[in-house]
There are 2 protein chains.
Amino acid sequence: MTLKEGKERFIQSWGALGSSWGINRTMAQIHALLLIAPESLSAEEIMEELQISRGNANMNIRALIDWGLVYKELKPGERKEFFVAEKDMWEVVKNIIIQRKKRELEPMLRVLDEISSVDPESEEAREFIEVIREIKLFSNKADSTLDTLVKSDSNWFVGTFMKMIK
Amino acid sequence: MTLKEGKERFIQSWGALGSSWGINRTMAQIHALLLIAPESLSAEEIMEELQISRGNANMNIRALIDWGLVYKELKPGERKEFFVAEKDMWEVVKNIIIQRKKRELEPMLRVLDEISSVDPESEEAREFIEVIREIKLFSNKADSTLDTLVKSDSNWFVGTFMKMIK
DNA sequence: GCAAAGTTTCAATAAATACTGAACCGACAA
DNA sequence: TTGTCGGTTCAGTATTTATTGAAACTTTGC
């Protein structure tokens, strides 16, 4: 397989993976492109490589920066911005966990709290409250487990975890 | 908050959560509806409750069964099928992990293997191979961690994990 | 102040995804 | 054999989501 084919395959697959996880294809592809880029790239280069418009590139690059997966790099003397991806996969996953926790898990926990307040006037209502309580319990546990996970370091994940739970 | 409002809020939020994770809104809503239903429901009842068509209901119920999140229940004497959700959240999460691992992580691992075979003829190619190698290493670790996770029981998650890693 | 180089925004549009509804299938009972 | 009750499928359509491209904005140098 040639380098060119390999790169294309990777970008395409990473894009597909993203889109089945609710991340738009282009955003994932830009991420892939930057992951394997030997140097930081400018918006122009990204547009060129992926055949996308300026607006699209800009918005998705911003989103990647928001997620902490890509950094802006200002080269001295150059007026335009360059972008590099975080290459440490543990950092990548940690940032994704942090963001999704904040954007999805936490709002869900708030909803679960709110709806716990239905009047327990009927048997059905009491059963509803109970189901919600269990989901809440589980979600809280997940929430704090993820917190701990995010605080721990890469080594822990790569090395210790497997032994510990065996 | 009334029971009706609470249920609606839950179904709506669960649907939204699903759609940000690449699961279609209706599928997540049916799941939510079944999670809080005091009894198993027929396709008709689901259609009625969520205001969706027969075809839509049918396809998404099948998908939920595929994922192991919903069971078919045949009531004696009744001709039609009824559906119940798996209520144990740990089982729910486990099944989702199993499915997504199979559908997304494993194919990705295969792609990473394939593209490891690019000719290391240039310096750039060697760098590419190295980046891919690291991603592969990390993904394999994630893969086996998830395997272990799935094999362990609910108690482990709810009870022991937190203490262990502190 | 003005032009050049670059970035951001967003309304219009394209593309992807989900949904509908009608036709079809199979099991059963009369 | 025919009719009924449900389940399944899928082409056409609707809805949602992503993308484009042009205008507006910002920064910098002259």
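These figures come from a predicted structure and were not determined experimentally. Below, read A as the first sequence line, B as the second, and so on, with proteins coming before strands; counting in each chain starts at 1.
B:Arg62 has its CZ atom 12 Å from the C1' atom of D:dT9, to the nearest Å. In this structure, CG of B:Leu64 is placed 14 Å from P of D:dT8, rounded to the nearest angstrom. What separates CD1 of A:Ile30 from P of D:dA18 is a distance of 13 Å, to the nearest Å. Between the P atom of D:dG6 and the CD1 atom of B:Ile46 lies a distance of 14 Å, rounded to the nearest Å. Distance CG (B:Asn60) to P (D:dC10): 16 Å, rounded to an integer number of Å.
Annotation: A:Glu45, atom CD; neighbour count of heavy atoms from other residues, nucleotides and ligands within 6.0 Å is above 12. Atom CD of A:Glu39 has 12 or fewer heavy atoms from other residues, nucleotides or ligands within 6.0 Å.
Side-chain heavy atoms closer than 4.5 Å link hydrophobic residues (I, L, V, M, F, W, Y) into clusters, and following such links, even through other members, never connects B:Met47 to B:Leu50. No path of Ile, Leu, Val, Met, Phe, Trp and Tyr side chains, each step under 4.5 Å between heavy atoms, connects B:Tyr71 with B:Leu33, placing them in separate hydrophobic clusters. Hydrophobic clustering keeps B:Ile36 apart from B:Phe82 (ILVMFWY residues linked when any side-chain heavy atoms are closer than 4.5 Å, directly or through intermediates). No continuous path of ILVMFWY side-chain contacts below 4.5 Å connects B:Met59 to B:Leu64, so the two sit in separate hydrophobic clusters.
Backbone-only contact: A:Thr26 has heavy atoms under 4.0 Å from sugar-phosphate atoms and none from a base. The residue B:Glu44 sits apart from the nucleic acid: no heavy atom pair falls under 4.0 Å.
Annotation: of the two residues near DNA chain C, A:Arg25 and A:Asn58, the 5′-most nearest-nucleotide partner is A:Asn58. Nearest-nucleotide positions on DNA chain D place A:Met27 closer to the 5' end than the other of A:Arg79 and A:Met27.
A heavy-atom distance below 4.5 Å is found between the side chains of B:Asp143 and B:Leu109.
Taking each heavy atom of B:Glu73 and B:Ser40 in turn, the nearest pair found is OE1-OG, 2.8 Å.
Between the side chains of A:Trp14 and A:Gln29, no donor-acceptor pair of N or O atoms lies under 3.5 Å.
The outermost nucleotides of DNA chain C lying under 4.0 Å from heavy atoms of chain B, listed 5' to 3', are C:dA18 to C:dA27.
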Which atom pairs link the protein and nucleotides 20-24 of chain D when you take only N or O atoms and keep those under 3.5 Å?
{"unit_1": "D:dT20", "atom_1": "OP2", "unit_2": "A:Ser53", "atom_2": "N", "d": "2.7"}
{"unit_1": "D:dT20", "atom_1": "OP2", "unit_2": "A:Ser53", "atom_2": "OG", "d": "2.9"}
{"unit_1": "D:dT20", "atom_1": "OP2", "unit_2": "A:Asn56", "atom_2": "ND2", "d": "3.0"}

